[in-house]
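Working notes, structure below.
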Amino acid sequence: MRIKDLVDYQKTYELSVQEPEKFWASIANEFEWSKPFTKVLDWDFNDYSVKWFEDGQLNITTNCLDRHLSSIPDQAAIIYEPNEPGDAAITLTYRELHARVCKISNVLKSQGVQKGDRVCIYMPMIPELAIAVLACARIGAIHSVVFGGFSAQSISDRINDSACKVILTTDGAVRGNKMIPMKETVDDAIALCPSVEKVIVKRRTNTPVSMLDGRDIWWDEAESEAADACEPAIMNSEDPLFILYTSGSTGKPKGVVHTCGGYMVYTAYTFENVFQYNPGEVYFCTADIGWITGHSYLVYGPLLNGAISVLFEGVPTYPDAGRFWDIIKRHQVNIFYTAPTAIRSLMGMGNEFVTNKDLSSLRVLGSVGEPLNEEAWHWYNDKVGHGNCPIVDTWWQTETGGHMISPIAGITPLKPAYATLPLPGVQPILVDENGKEIEGNGVNGNLCIKFPWPGIIRTTYGDHDRCKSTYFATYPGLYFTGDGCMRDEDGYYRITGRVDDVMNISGHRIGTAEVENAINMHTGVVESAVVGFPHDIKGQGIYAYVICEHLPENDSLMRKDILATVTRVIGPIAKPDKIQFVTGLPKTRSGKIMRRILRKVAEGEFGSLGDTSTLLDPGVVEAIISGAL
Ligand code: WT7
């Protein structure tokens, strides 16, 4: 169901709102179901529950792989571009990918993994990461991918939350000129994880690792002995497909659960339409599979459409800041999808890395993860797209499963820095603090969605009440996104950023409370408060106000120590950019930290702190300001 032009978009959108069940049923029927669904939707946003295609049965990998074996068996499914530019890229055709997924499915089964079991995947960006994900899906195991940059502590928290039985990893990883231990980190993590029975280790760096007899097995040996056919498990539409942990405003990450049927329909539909993907085109998404973008738009969405998906192991600046453009040339990439933070950082490194590159294969550019500011939009448009490639600024979230508000490439008239219009099936609404709808155009408010779409979060793993209270309690009857949003005179949407205590650091979502908890683990720290502040490249940076037991004698040593603590507890992505030592924090009489004031100070706006009359001790603020100057 491909949208053809602007009029078609408007008609389709109308239909999707007037008759959502009819609309989504017709799209869902394009897939292979082992038992067709008869019931399209069942929903309740008050006592939250959503079910799509409930009585249908399917396996998502049948639709990602088997379905293409008769039509495009020898077409590339995944092109793996290794970290070293001198190493040859490796292409996996649909036939090859199918066989390898089947083998690893059989390996998982032989290691005791059954339908419904949780499997943790902690791997670098190599084809085996995608294979591991698909193998879980094939046998009905629930995958929980943990981004390769997370610490042992973060891995074990995630494993324990969902009691994973098996973890897949590698000996080590390479990113740019860095070697990163993986198995060693996993060993540290699972020392605290009683549920883990087996560890499956893919060789990547050939670094020596310890292998525990009876628990740890080598991927390569197991794969070579496994059969290359595996019947897909028959899944109910609403059976969980995966768990993906993401940060919220409290300290503990939430396990966002997506289910088989709805997620399949939604990622496939949005991939095809937003990028206007044509058969045979080469598509390159730079996201890591450890995040939702990698799940939905590197693995599932593209494969469901029989697309060619480039999987890049390295970093944008190795061996130099022209790496993305070299990959685009080498693989004749037609559609390129990346994050604003990458665009801004490459923009800052000078035009010489991009202007001499042949980027003529490009047809569509995409952006995701944070607001794409106008300056970066224009650079992307002019230097990368040469003015010929529509930019799709896609707004969505881990919880939405797929794109929500986004241009449709070549169809929606663009406006820099705008996510533009809702996709078919998406019904956004802006509300004020009291939950009252803000109607009309030229308005600002909190962004909610008032009707379910097939990719919506079903629950937070093991704690449905948390799902209800996080997303459906702030404004009863609505899904609350946590984002602020402007709707301009033309009805176009522009996301202005989070309105809760969640930061967006280089497109990574990190809760202020998580970073505070990590800083407080340092024995010399009494208390801390963390806020985001505007950062030229990262979008937001992390600013930490820290109270120490004793004023540190050596400031820089203490700073280093705190950074090391945060890296150990969460991972390097959560390291504060600025640490200010303070003797007190601005608190209300009831003991609540007034982050509003701390945000202003972090932004350098000392003159407009707003109402400080409810402060317990106004003197604290002056001390903080003088310390920040
Ligand atoms: C948050 C979700 C969606 C995949 C990557 C991030 C911000 C996302 C945009 C955009 C402005 C955006 C929002 C959202 N965000 N895309 N195009 N323009 N902001 O997924 O980690 O779940 O984070 O990222 O604040 O709530 P996530």
Side-chain angles (χ1 to χ4, degrees), residues 145-147 149-150 242-249 253-258 263 266-267 270-271 274 285-301 337-344 365-374 376-377 380 391-407 412 414-423 426 428 446-449 453 455-457 460 470-471 474 479-486 492-511 514 532 538-540 573-574:
V145 184
V146 176
F147 171 60
F150 276 119
F242 66 84
I243 305 169
L244 186 58
Y245 287 87
T246 188
S247 299
S249 39
K254 296 182 284 271
V256 173
V257 175
H258 285 289
Y263 179 81
Y266 199 65
T267 53
T270 49
F271 175 81
V274 167
C285 168
T286 68
D288 194 289
I289 294 174
W291 308 112
I292 191 71
T293 306
H295 280 60
S296 301
Y297 298 113
L298 200 158
V299 180
Y300 288 114
Y337 191 31
T338 195
T341 189
I343 298 168
R344 285 191 299 264
L365 300 176
S367 169
V368 59
E370 29 162 348
L372 178 62
N373 52 304
E374 281 196 48
W377 192 97
Y380 200 27
I391 297 176
V392 290
D393 179 350
T394 61
W395 173 82
W396 58 295
Q397 310 178 293
T398 304
E399 294 87 344
T400 70
H403 301 147
M404 297 290 283
I405 302 181
S406 169
T412 312
L414 303 176
K415 243 185 230 191
Y418 280 76
T420 74
L421 299 171
L423 294 175
V426 175
N446 291 341
L447 178 61
C448 295
I449 314 286
W453 61 99
I456 190 173
I457 178 176
T460 46
T470 309
Y471 306 105
T474 318
Y479 167 82
F480 177 42
T481 64
D483 281 321
C485 181
M486 187 244 277
Y492 268 41
Y493 290 85
R494 176 179 188 153
I495 310 300
T496 49
R498 303 287 305 195
V499 294
D500 52 9
D501 289 327
V502 171
M503 301 173 290
N504 191 326
I505 315 298
S506 300
H508 300 316
R509 201 162 136 181
I510 301 171
E514 266 175 282
K538 297 178 168 189
Q540 268 190 314
I573 55 173

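Read the numbers this way: they start at 1 and go in the same order the structure lists the ligands and their atoms. We're numbering straight along the sequence, starting at 1. As the structure is a prediction and not an experimental result, all values here were calculated from the model.
- Looking at residues two or more places apart in sequence or on another chain, you find a side chain to side chain donor-acceptor pair (under 3.5 Å) between T286 and T338.
- Screening L447, N446, V499 for a side-chain contact (heavy atoms from CB on, under 4.5 Å) involving C485 leaves a single residue, L447.
- W395 approaches A419 most closely through the heavy-atom pair CB-CB, 3.9 Å.
- Side-chain N/O atoms of Y297 and T270 include a donor and acceptor closer than 3.5 Å.
- Side-chain contact between T246 and W291 is absent, with no heavy atoms from C-beta onward closer than 4.5 Å.
- Between H258 and Y263, the angle of the ring planes lies from 30° to 60°, which puts this pair in the tilted group.
- Residues lining ligand 1 at a heavy-atom distance below 4.0 Å are given as I292, T293, V368, G369, E370, P371, D393, T394, W395, W396, Q397, T398, D483, I495, R498, N504, R509, ordered by chain and residue number.
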